[in-house]
Amino acid sequence: MKKWLVPLVIVGVVVFVIFKWVVGFNNTAVRLNENVAEAWGNVETAYQRRSDLIGNLVKTVQGAADFEKETLTQVIEARAKATSTTINAGDLTPENMAQFQKAQAGLSGALSKLLVSVERYPDLKANQNFLKLQDELASTENQILTVRTRFNEAIKPYNNHVKVFPNSILAGWFGFEGKPYFEAEAGAEKAPDVNFDFGTKK
């Protein structure tokens, strides 16, 4: 091989290695980002199911004419706020996540208050529709916990990929940013009170 070709070969090899690294980084980041988007979609679906169940629960409770209107109003308003607070999978910033969690926590609190109030209404707490909705809510809360955990599991490899050096350099060029985890809400060590024992045997 002629000596003047050696530098060209070296440069060509270096360019090829860099190209493969860049392409590999981008393709992996795209795949991991899609996994995050899918996991977030599952989170939204679970919360939407809870919202739908709460809507049905409110309609059932409204049938009790003397039920506290203030309590129902709080649940209805909290549900409206929670359903209006949405985040696009491509806009998962810490601020947006905090806002989303705050709205959902407000709904959980209002729902817990409503379920405590039901204790004073024997006919309502024995209502089969109410009992069925209560069971479905408890199941949905477990589902929410599961999808939130899986969302965090999808976030970890993505963040590891785009934050480590030297990938972090390419991440800036391609617009890939680290994403926030779902953090426990204040008082989350106590599960939402959506599965009370009202002393009613099914």
Side-chain angles (χ1 to χ4, degrees), residues 8-55 78-109 111 136-192 194-195:
L8 291 179
V9 170
I10 294 174
V11 169
V13 170
V14 170
V15 169
F16 179 76
V17 169
I18 292 175
F19 174 77
K20 292 290 290 183
W21 170 52
V22 171
V23 170
F25 165 82
N26 184 69
N27 290 345
T28 301
V30 168
R31 284 194 296 270
L32 293 174
N33 193 43
E34 285 300 309
N35 290 343
V36 170
E38 179 184 16
W40 179 249
N42 292 337
V43 168
E44 290 185 309
T45 298
Y47 275 114
Q48 182 61 53
R49 172 173 166 75
R50 181 175 80 153
S51 177
D52 293 342
L53 287 172
I54 290 173
R79 178 175 177 262
K81 184 174 182 179
T83 54
S84 66
T85 305
T86 59
I87 311 174
N88 184 286
D91 198 22
L92 294 172
T93 64
E95 296 77 18
N96 287 341
M97 288 287 287
Q99 185 180 12
F100 180 86
Q101 286 188 257
K102 182 178 179 181
Q104 295 298 335
L107 180 55
S108 294
L111 176 62
E136 289 188 38
L137 274 169
S139 174
T140 300
E141 290 294 341
N142 290 331
Q143 183 182 355
I144 287 173
L145 176 61
T146 299
V147 295
R148 282 175 50 152
T149 300
R150 289 177 179 169
F151 172 77
N152 283 348
E153 290 172 352
I155 287 286
K156 184 176 180 179
Y158 170 83
N159 280 351
N160 285 342
H161 183 66
V162 301
K163 287 185 175 182
V164 297
F165 183 84
N167 285 3
S168 56
I169 298 173
L170 293 180
W173 291 349
F174 287 105
F176 291 106
E177 298 178 354
K179 298 181 186 294
Y181 290 93
F182 236 122
E183 296 180 357
E185 300 160 2
E189 65 278 4
K190 297 179 180 178
V194 298
N195 193 23

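For clarity, every value in this text was computed on a predicted model and none was experimentally measured. By convention here, the first residue in the shown sequence is residue 1.
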Relative to Y158, does K179 satisfy both conditions: NZ or CZ under 6.0 angstrom from the six-membered ring centre, and within 45 degrees of the ring's axis? yes
Modelled atom types, side-chain donor and acceptor of E38 and N42, under 3.5 Å: no
Ring centroids only, cut at 6.0 angstrom: are F25 and H161 within range, meaning strictly under it? yes
Side-chain contact test, heavy atoms from C-beta onward, threshold under 4.5 Å: evaluate it for F176 versus L170 and give yes or no. no
Do any N or O atoms from the side chain of N152 and from the backbone of F182 form a donor-acceptor pair under 3.5 angstrom? yes
Do F174 and V30 come close enough that some side-chain heavy atom pair is under 4.5 Å? no
Test item: Q101 side-chain N/O and E183 main-chain N/O as donor-acceptor pair under 3.5 Å: yes
Within 6.0 Å of CD in E177, more than 12 heavy atoms from elsewhere: no
Work out which heavy atom in P94 is nearest to a heavy atom in P180; give both atom names and the distance. N-CG, 3.6 Å
Return the minimal non-hydrogen interatomic distance between A154 and V36, and the atom names on each side. O-CG2, 3.5 Å
Is there a donor-acceptor pair closer than 3.5 Å between any side-chain N or O of R79 and the backbone N or O of L107? no
Derivation and outcome, side chain to side chain contact (heavy atoms under 4.5 Å, CB included), residues L92 and N96: CA-CA 6 Å; L92 294 172; N96 287 341; over 6 Å; no
Student check: side-chain heavy atoms of T28 and R31 closer than 4.5 Å: yes
Over all heavy atoms of both residues, which pair between I54 and L137 is shortest? Give the atoms and the distance, please. CG1-CD2, 3.9 Å
Is it the case that over 12 heavy atoms from other parts of the model lie below 6.0 angstrom from the CZ atom of R150? no
Would you please indicate if the ring centroids of Y47 and F100 are separated by under 6.0 Å? yes
Are a donor atom and an acceptor atom from the side chains of T140 and R50 found within less than 3.5 Å of each other? no
Quick check: F16 with W21 (ring centres under 6.0 Å apart)? no
Mind running side chain to side chain contact (heavy atoms under 4.5 Å, CB included) on T146 and T149 for me, showing each step along the way? CA-CA 5 Å; T146 299; T149 300; 5.8 Å; no
Atom pair CH2/CG of W40 and N33 - distance to nearest 0.5 Å: 14.0 Å
Give the minimum heavy-atom separation between A29 and V162, together with the two atoms involved. CB-CG1, 4.5 Å
Would you give the length of the straight line joining atom CD of Q143 to atom CD of E136, rounded to the nearest 0.5 angstrom? 11.0 Å
List the steps and the verdict of side chain to side chain contact (heavy atoms under 4.5 Å, CB included) for E44 and R49. CA-CA 9 Å; E44 290 185 309; R49 172 173 166 75; over 6 Å; no
Looking only at heavy atoms, what is the nearest atom pair of N160 and V164, with distance? O-CG1, 3.0 Å
What are the two closest heavy atoms between K156 and Y181, and how far apart are they? CA-OH, 3.2 Å
If you define the side chain from C-beta out and look only at heavy atoms, does anything of T93 sit under 4.5 Å from D91? yes
